[in-house]
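Read the numbers this way: they start at 1 and go in the same order the structure lists the ligands and their atoms. These numbers come from the heavy atoms of this one structure, side chains and all, not from hydrogens, waters or symmetry mates.
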Amino acid sequence: MAVLLDGKAASAAVRARLKEEVAELKEKGIVPGLAVIIVGDDPASRIYVNNKKKACAEVGIYSEEFALPADTTQEELLALVASLNGRSDINGILCQLPLPASLEEKPVIEAISPLKDVDAFHAANVGHIMIGDFSFVPCTPAGVMELLHVAGIDPAGKDCVVIGRSNIVGKPMAMLLLHENGTVTICHSKTKDLQAVCARADILVAAVGRAKFVTADMVKPGAVVVDVGMNRDENGKLCGDVDFGPVAEKASYITPVPGGVGPMTISMLLQNTVKAACLQNALLFDKR
Ligand code: GUN
């Protein structure tokens, strides 16, 4: 049976560290501030945003929510972002995705100042990651790396397979594993013989968005299996992209869902916000 990569415990450790850091900043008169924009009434987005605000409060970060109606225009949303870019008490800005179909995401992402882009979605920050400069690291892949580090798992020289090529997870995940000297393959819907490619992986990261997509035959005995998925199974129960029971029998390490990558994502958002506040106040953020 695989060892669980415990996202709740690793996340609590990051948050305890950040709480101290925020307290030190406050002594210098700096309160890190995060603006959270949510448009429309997507129930999953509402839960994510509530969890993000709660986590901010837990470590002492000031957060301000901007809940806009679903019929908000592109211009209104861009005007809000512009006003937040200009506020010195707001160090980080995130716009919860997906946006309603009537709005385009790309112009909004590009309107957020790269210095306040705590999601690391802006093309400038994506470019920084490509050349190995990790000012802001996208939260979910950063959370996965932190989980690996805590367990003492080093990707160097390992075959790493990422299933999924999204801008939010798959692509940056591959870059972070590559930066730590993994040999990385990105799989997607057109990949030939997905089972065989996955079965070669020492580290397998599933970011597909389909319940129980990764079955035991796709996993090499002793592999590290990281599940980024957050789905509902046929009974409406929360589950990941990995068929947990049978895969856990074969893997050496595995992340549970919930309680694996999920809590780490929010902790990395908090870390990016503290980092943004330090950079904007010309203080060095000691690299963890
Ligand atoms: N929607 C799903 N994941 C994310 C995320 O990490 N950040 C934002 N802004 N929206 C998301």
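F66 and V39 fall within a single hydrophobic cluster, where Ile, Leu, Val, Met, Phe, Trp and Tyr side chains are chained together by heavy-atom contacts under 4.5 Å.
The pair D202-K220 counts as a salt bridge, with a side-chain nitrogen and a carboxylate oxygen less than 4.0 angstrom apart. Using a 4.0 Å cut-off between a side-chain N of Lys or Arg and a carboxylate O of Asp or Glu, E21 and K26 do not qualify as a salt bridge. Checked for salt-bridge contact, E58 and R15 meet the test: a charged N lies under 4.0 Å from a carboxylate O.
In this structure, A151 and L5 approach most closely via the heavy-atom pair CB-CD2, 3.5 Å.
Within the structure, every pair that satisfies the salt bridge (charged side-chain N to carboxylate O under 4.0 Å, His left out) test and touches residues 84-111, not counting sequence neighbours, is listed here: E64-R87, R87-D89.
Using a heavy-atom distance under 4.0 Å as the criterion, the protein contacts of ligand 1 are K52, L94, C95, Q96, L97, D119, F121.
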